[in-house]
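Working notes for the structure below.
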Amino acid sequence: MKVACVGGGPASLYFSIIMKRVDPSHDITVYERNPAGSTYGWGVTYWDELLQTLQALDPESGSAISESSVRWDSWVVHVRDRATVMVEHGEEGFGIGRHKLLDILAERARSLGVRIEFEREITDAGELADADLVVAGDGVNSVLRERHAGHFGPEFKVGRNTYTWLGTTKIFESFTFAFVETEHGWIWCYGYGFGKDHSTCVVECSPATWRGLGLDRANQADGLALLEKLFADILDGHPLIGRANPDGSAHWLNFRTLTNRSWYRDNLVLIGDAAHTTHYSIGAGTALALGDAIFLVNALHGGTPLQPALARYERERKSEIRSAQKAARYSAQWYESLPRYVNLPPEQMFTLLFQRRSRLLPHVPPRLYYRMGQTSEHASESLHKVKHWLGSKVSRSTPPG
Ligand SMILES: Cc1cc2nc3c(=O)[nH]c(=O)nc-3n(C[C@H](O)[C@H](O)[C@H](O)COP(=O)(O)OP(=O)(O)OC[C@H]3O[C@@H](n4cnc5c(N)ncnc54)[C@H](O)[C@@H]3O)c2cc1C
């Protein structure tokens with residue numbers, strides 16, 4: 001099969017690797033508009049389940065990803081002047097730099113015979129007329145999808161809060177949350193390591209806080225200086241590092257959750273962020289993009305012609321990711337409703353932070369929800385798990401005041 005993959009992100013690259021592993025005779029080219037080695041973003045998180053899958057499907061790239069990742073098994077929550085709560089030895093999490101991940105995948109794809117053409121922008125699937133299959137892994141702003149928007153039916157829900165994706169030279173040993181109260185409302189960040197020299201730091205706040213603090217008007221340098229001051233307690237003197245817009249302004253965004261009515265049209269199929277996005281606060285977008293690649297390869301090798309295979313991919317993958325999409329929606333809403341939770345006693349707030357994917361939580365008074373978790377036999381399994389952690393493993397907890 002002659003395959004053209006548009007976009008050199010995790011989705012396309014992993015798809016090309018698994019396709020080649022299943023059948024080395026596939027003729028595959030990946031087209032990436034940017035030069036090699038240039039990408040956006042910092043580190044991304046993932047979990048053990050994904051690592052096991054990657055190691056099983058392609059041990060070479062799986063092991064390289066594992067060796068280049070940092071691990072943590074503790075979480076720290078700072079709520080300014082009120083509490084620091086630490087949970088140790090929870091589920092293990094992993095972080096890897098986006099650059100590193102893409103380097104590993106590109107190198108592995110090449111070693112399997114995939115051609116990668118950098119600095120090649122594809123704006124119309126018509127440019128790839130000789131391909132049997134065109135895989136649109138060109139990200140959330142997919143041009144290939146937008147050309148047929150009437151068919152794919154993309155729908156964007158824009159999040160209320162503003163966020164910026166930063167790096168720092170501070171190495172966070174634990175997954176670290178910091179909630180800071182200002183005269184204009186709360187601003188928070190979460191940081192996690194992804195390499196020997198850097199960590200990721202995602203900062204988020206409500207639009208009122210953003211404007212009140214002047215972050216909407218500050219240029220990149222002034223904005224970072226203000227954020228370094230606000231998060232001084234966790235940065236220990238390390239700088240925040242950002243990516244300015246071409247005009248020098250800071251790069252703040254509102255997250256857009258994307259869904260598409262349809263995921264394929266003739267021989268053009270969407271994967272990864274081109275097909276769907278999930279709020280960054282559940283750290284799952286890359287894992288889902290890789291999962292799409294795996295599902296698509298599986299559907300293509302099921303012995304059916306192309307159209308039924310793409311229909312199967314759309315049907316099965318859509319259903320598979322539904323729970324992650326819901327979890328991401330509730331998680332984003334939790335942060336949008338932060339004032340509802342942030343003044344609870346620290347351990348309650350911390351428990352509910354870990355429960356932010358719950359669909360029940362937005363509808364139940366937070367203290368009642370917390371008590372239900374303590375008393376109800378029928379409360380969700382995951383709530384019990386967090387309780388267990390808190391009961392046995394809270395290593396440090398400073399009471400309010
Ligand atoms: C703040 C933030 C934090 C995140 N943290 C995490 C995390 O911790 N864990 C996690 O799993 N996920 C995380 N994500 C999500 C993750 O980054 C994405 O879901 C993932 O990168 C999607 O992969 P993709 O290959 O579909 O698209 P992308 O990574 O966006 O790649 C698309 C590629 O296509 C190229 N391209 C675009 N248009 C064209 C064109 N016309 N021609 C050629 N090339 C083109 C682009 O240059 C790009 O390289 C986060 C996202 C954000 C915003």
Side-chain angles (χ1 to χ4, degrees), residues 4-16 29-47 49-51 54 65 69-70 72 93-99 101-102 105-106 116-125 127-128 134-147 159 161-167 175 189-194 199-204 242-243 251-258 270-293 296 321 324-325 328 331-332 335:
C5 299
V6 180
S12 283
L13 288 172
Y14 202 64
F15 171 80
S16 73
T29 307
V30 174
Y31 300 95
E32 167 56 49
R33 67 180 170 192
N34 288 328
S38 73
T39 187
Y40 68 90
W42 297 88
V44 290
T45 54
Y46 67 97
W47 311 97
E49 197 185 345
L50 178 70
L51 188 56
L54 300 183
I65 289 168
S69 296
V70 301
W72 69 86
F94 302 84
I96 185 167
R98 233 183 98 84
H99 271 106
L101 176 65
L102 295 181
L105 296 179
I116 304 182
E117 292 192 15
F118 287 100
E119 299 182 63
R120 177 83 193 274
E121 182 159 16
I122 305 292
T123 53
D124 191 332
E127 294 172 51
L128 308 164
V134 178
V135 177
D138 50 347
V140 61
N141 296 316
S142 170
V143 173
L144 299 192
R145 182 196 65 225
E146 288 308 307
R147 281 207 173 267
N161 287 350
T162 49
Y163 76 92
T164 185
W165 195 359
L166 303 173
F175 195 104
C189 74
Y190 49 85
Y192 48 89
F194 67 84
S199 298
T200 292
C201 197
V202 180
V203 180
E204 181 180 329
R243 181 174 65 118
H251 202 69
W252 287 90
L253 294 168
N254 293 73
F255 190 83
R256 292 177 304 152
T257 298
L258 166 71
L270 308 179
I271 60 172
D273 276 12
H276 52 78
T277 60
T278 47
H279 193 258
Y280 53 80
S281 62
I282 65 162
T286 307
L288 292 177
L290 300 178
D292 288 359
L296 181 55
I321 68 168
Q325 288 175 315
S331 175
Y335 285 107

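Both ligands and their constituent atoms are indexed starting at 1 by order of listing. Heavy atoms only: backbone and side chains are in, while hydrogens, waters and symmetry mates are out.
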Around ligand 1, what residues show up once you keep those with a heavy atom under 4.0 Å from it?
V6, G7, G8, G9, P10, A11, Y31, E32, R33, N34, Y40, V44, T45, R98, R120, E121, I122, G137, D138, G139, Y163, W165, Y192, G272, D273, Y280, G283, A284, G285, T286, A287, A289

By side-chain hydrogen bond (donor to acceptor under 3.5 Å, both in side chains), Y280 pairs with (sequence neighbours left out) E204

Please name the pair of heavy atoms, one in G139 and one in R145, separated by the smallest distance, quoted to 0.1 Å.
O-NH1, 4.0 Å

Check whether any side-chain N or O of T277 sits under 3.5 Å from a backbone N or O of L258 as a donor-acceptor pair, and report yes or no.
yes

Can you sort out the partners of A324 under side chain to side chain contact (heavy atoms under 4.5 Å, CB included), two or more places apart, ordered by chain and number?
L288

Salt bridge (charged side-chain N to carboxylate O under 4.0 Å, His left out) involving E127 - partner list, sequence neighbours excluded
none

Output yes when a side-chain donor or acceptor of R147 lies under 3.5 Å from a complementary backbone atom of T123, and no otherwise.
yes

